[in-house]
Amino acid sequence: MKETINIDLQSWMESHTLPFLVIDKDCRVVAVNRAYEQIYGHEGGRVLGKRCFEITHGNMLACPESREDCPHAHVYQTGKVHTCLHVRHDEHHRKHRVRVTGFPLQGTDGELFMGETVEEIAAPEERRINGIRMVGETPVFLACLEQLNLAAAADTSVLVLGETGTGKGLAARYIHNNSSRAGKPFQTLDCTVFTEPLFEAEVFGHEKGAFTGSVGEKPGLFEQADGGTLFLDEIGDMSAPLQAKLLRLVETGEFRRVGGRKDLRADVRIICATNRNLCDAVVAERFREDLYYRVACISIRIPSLRERREDIPVLACALLDRIGRLFQKRLRLTDGALDQLKKYDYPGNARELANILSTAVAEAANGQINARSIANVLQRFDKSPAFGSQVEESQQPLPSASLSPAAATLSELEVQHIAELLRQYSGNRKQVAAALGISERTLYRKLTRYQLR
């Protein structure tokens, strides 16, 4: 005969290290544990009896009415455990990106309740390490963010996939900054710009007198990244000879400086990014299969902006805040401007959104960007929204705001936009790089490649 065990509800809840709530059929909070109070600041005495969505989401609409996945609805409809990704708010209105698990609890009188655990998948924005922020609230973005956190904890090689401008470099830094290597170096190598000799000198370093002009020894990027991370951007563009050299480096962690006679070793985590389909490249024998399996222990795809259109307002505001700090101006978007931004398809993704805002800022009166300003900038693209959905992952580089005709190549679009920004910011490379969302080093390479001054 099965014996009924009576356990005090509060003591049982305190055995959970994660924030824990008990919610009744009317969505009202019945109990919370101390972990929930400490993290979210909502003391039990102030929230008991209130509806869960008022407390956790800060609005008057239940999750189904807001078109969000609702664990409460699932538990009461099916009687089964349900897990989903949400954005929750604490008492200071900070956003917490979390994994919520709801499961059925039966009271002593047979009444059904929902127990809910809340597990953070990313720290609140105010606690971002080194200012690295991954901005978004849609389910597809939160799922990606959770993958990035799992990759950060794994300490193995990661391949970041995604269209041009989706923020693959930002994702790589996020992985590094949330890993056990966070306090160590993060080095970046742009794989699109190096010949074989330059690659060896840049990655492996060189000894004094190794070649004309080498007046002293220089450690390479791999050696400089010892204990940290080496980020290889656009690895899909790497030539076959360089792939062979990289393979040995990834396999053994050993290298030899140019002109050196002894093997050196470094403990480096490799993170790679590409906007190309490397599986297709392996089949076509343009990319080494053995190298692919070395760099793609974990593969993470960054969603395009078209796939998370609901994130455009929050992302636009975050980008505008960054631009405002750079130029020491208070900037804001009108509702009409946000409506204009939400209609566009962004073939250049988040980077293109940043370019649009940077250009609109120059036309903003009193720091206010209205619908007309955004419409004027978008008109310069002279492309229909369908263009964005037809851009292949293999096409590059970034299509940006310009006055070029629709028939122009993507390279021509980028050249014209960089030239326009150089004029706009009087040749200030720091400001141009910030407007493009790239480093000054990457901008310098583009200026050299396109022979811009």
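Just so you know, these numbers use all the heavy atoms, side chains as well, and skip hydrogens, waters and symmetry mates. Keep in mind the model is a prediction, meaning the values are calculated, not measured.
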Asker: Decide yes or no for F199 and L189: does some side-chain heavy atom of the first lie under 4.5 Å from some side-chain heavy atom of the second?
Answerer: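 In short, these two side chains touch, coming nearer than 4.5 Å.
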Asker: Taking all non-hydrogen atoms of both residues into account, name the closest pair between G115 and F20 and its distance.
Answerer: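 Taking G115 first and F20 second, the nearest heavy atoms are CA-CZ, 4.0 Å.
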Asker: Looking at H86 and D69, would you say the former's side chain and the latter's main chain have a donor-acceptor pair under 3.5 Å?
Answerer: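 Flag set: sc H86 to bb D69 pair under 3.5 Å.
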Asker: What's the shortest heavy-atom distance between I300 and Q147, and which atoms?
Answerer: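 Minimum heavy-atom contact is CD1-O, 3.6 Å.
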Asker: With respect to E163, which candidate in K168, R301, R306 satisfies the salt bridge (Lys or Arg N to Asp or Glu O under 4.0 Å) definition?
Answerer: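 Running salt bridge (Lys or Arg N to Asp or Glu O under 4.0 Å) over K168, R301, R306 with E163 returns exactly one hit, R306.
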Asker: Going through the checks in order, is the side-chain contact (heavy atoms from CB on, under 4.5 Å) test met by L148 and N178?
Answerer: CA-CA 9 Å; L148 293 175; N178 288 275; over 6 Å; no
Asker: Go through the side-chain N and O atoms of S304 and T166 and say whether any donor and acceptor fall under 3.5 Å apart.
Answerer: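 Distance-only check fails for S304 and T166.
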Asker: Got a donor-acceptor contact below 3.5 angstrom from the N349 side chain to the T164 backbone?
Answerer: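 Yes, because the side chain of N349 sits within donor-acceptor range (under 3.5 Å) of the backbone of T164.
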Asker: For the residue pair L142 and E137, establish whether any side-chain heavy-atom pair is separated by less than 4.5 Å.
Answerer: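 No - every pair of side-chain heavy atoms lies 4.5 Å or more apart.
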Asker: Hey, does the side chain of E234 reach the backbone of N275 with a donor-acceptor pair shorter than 3.5 angstrom?
Answerer: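 Looks like yes, one N/O pair under 3.5 Å.
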Asker: Which residues pass the side chain to side chain donor-acceptor pair (under 3.5 Å) test with E223, not counting sequence neighbours?
Answerer: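 Once residues adjacent in sequence are excluded, the partners of E223 under the side chain to side chain donor-acceptor pair (under 3.5 Å) criterion are R257.
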Asker: Any idea which heavy atoms bring V268 and T229 closest together, and the distance?
Answerer: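 Minimum heavy-atom contact is CG1-C, 4.2 Å.
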Asker: Answer yes or no: is there a donor N or O on one side and an acceptor on the other, between the side chain of S373 and the main chain of A360, under 3.5 Å?
Answerer: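 No; judged by distance alone, with no hydrogens or angles, the pair does not exist.
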Asker: Could you walk me through whether K95 and H89 pass the side-chain contact (heavy atoms from CB on, under 4.5 Å) check?
Answerer: CA-CA 5 Å; K95 294 177 180 179; H89 297 76; 3.8 Å; yes
Asker: Does any N or O in the side chain of Y346 come within less than 3.5 Å of the main-chain N or O of L341, such that one atom is a donor and the other an acceptor?
Answerer: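 Yes.
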Asker: Could you walk me through whether I356 and L378 pass the side-chain contact (heavy atoms from CB on, under 4.5 Å) check?
Answerer: CA-CA 7 Å; I356 290 168; L378 293 178; 3.6 Å; yes
Asker: Is the closest basic N to carboxylate O distance between D226 and R265 below 4.0 Å?
Answerer: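 Result for this pair is no, no salt bridge flagged.
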Asker: Tell me, do L21 and V118 make a side-chain contact under 4.5 Å, heavy atoms counted?
Answerer: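 Heavy-atom side-chain distance check passes, below 4.5 Å.
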Asker: In plain terms, say whether R276 and D237 are close enough for a salt bridge, that is, a side-chain N and a carboxylate O under 4.0 Å apart.
Answerer: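 Yes.
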Asker: Search all heavy atoms of M238 against all heavy atoms of C191 and return the closest pair with its distance.
Answerer: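 Residues M238 and C191, closest heavy atoms: CE-SG, 3.5 Å.
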Asker: Check whether any side-chain N or O of D267 sits under 3.5 Å from a backbone N or O of G227 as a donor-acceptor pair, and report yes or no.
Answerer: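 No, D267 side chain to G227 backbone: no donor-acceptor pair under 3.5 Å.
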Asker: With a 3.5 Å distance limit and no angle check, can you tell me whether R269 reaches the backbone of G228 through a side-chain donor-acceptor pair?
Answerer: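 Looks like no, no N/O pair under 3.5 Å.
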Asker: Check whether more than 12 heavy atoms from other residues, nucleotides or ligands sit under 6.0 Å from atom CD of E289, and answer yes or no.
Answerer: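 Count not over threshold, so no.
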Asker: Would you find a donor on one side and an acceptor on the other, under 3.5 Å apart, between the side chain of R181 and the backbone of A152?
Answerer: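 Flag not set: sc R181 to bb A152 has no pair under 3.5 Å.
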Asker: Contact between V160 and F231 at the side-chain level, heavy atoms closer than 4.5 Å - yes or no?
Answerer: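 Of all side-chain heavy-atom pairs linking F231 with V160, none is under 4.5 Å.
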Asker: So which atom in T17 and which in A35 form the shortest heavy-atom distance, rounded to 0.1 Å?
Answerer: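 What the structure gives for the nearest pair is O-CB, 3.5 Å.
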Asker: Between R325 and D321, is there a side-chain N and carboxylate O pair less than 4.0 Å apart?
Answerer: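 Yes, charged N to carboxylate O under 4.0 Å.
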Asker: Any side-chain to backbone donor/acceptor pair from Q243 onto R288? Under 3.5 Å, distance only.
Answerer: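 Indeed, once roles are kept as given, a pair shorter than 3.5 Å links the two residues.
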Asker: Will you find, in the side chains of T192 and D190, an N or O donor that is under 3.5 Å from an N or O acceptor?
Answerer: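 Checked: T192/D190 side chains pair up, N/O donor to acceptor below 3.5 Å.
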Asker: Should E120 and R94 count as an ion pair when the cut-off is N to O under 4.0 Å?
Answerer: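 The answer is no: the pair does not qualify as a salt bridge.
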Asker: A quick test of your reading: do over 12 heavy atoms of other residues, nucleotides or ligands sit less than 6.0 Å from CZ of R34?
Answerer: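 At most 12 heavy atoms, drawn from other residues, nucleotides or ligands, come within 6.0 Å of this atom.
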Asker: In terms of relative ring orientation, are Y40 and H42 parallel, tilted or perpendicular, with 30° and 60° separating the classes?
Answerer: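 Parallel.
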Asker: If I compare all heavy atoms of A154 with all of I298, which pair ends up nearest, and what's the gap?
Answerer: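 For A154 versus I298, the nearest heavy atoms are CB-CD1, 3.7 Å.
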Asker: Should V361 and I369 count as side-chain neighbours, where that means a heavy-atom distance under 4.5 Å?
Answerer: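 A side-chain contact exists here, since the closest heavy-atom pair is under 4.5 Å.
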Asker: Using a 4.5 Å cut-off on heavy atoms from C-beta on, say whether the side chain of L357 contacts that of L333.
Answerer: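 The answer is yes, as the side chains (C-beta and beyond) meet within the 4.5 Å cut-off.
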Asker: Please examine the side chains of N177 and F186, heavy atoms only from C-beta on, and report whether any two atoms are closer than 4.5 Å.
Answerer: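 Counting from C-beta outward, F186 and N177 never come under 4.5 Å.
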Asker: With side chains defined as the heavy atoms from C-beta onward, is the minimum distance between I235 and L246 less than 4.5 Å?
Answerer: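 They are in side-chain contact.
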Asker: Is there a donor-acceptor contact under 3.5 Å from the side chain of H74 to the main chain of T83?
Answerer: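 Checking the backbone N and O of T83 against the side chain of H74, no donor-acceptor pair under 3.5 Å is found.
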Asker: Applying side-chain contact (heavy atoms from CB on, under 4.5 Å), run through V135 and F141 and close with a yes or a no.
Answerer: CA-CA 9 Å; V135 179; F141 171 81; 5.6 Å; no
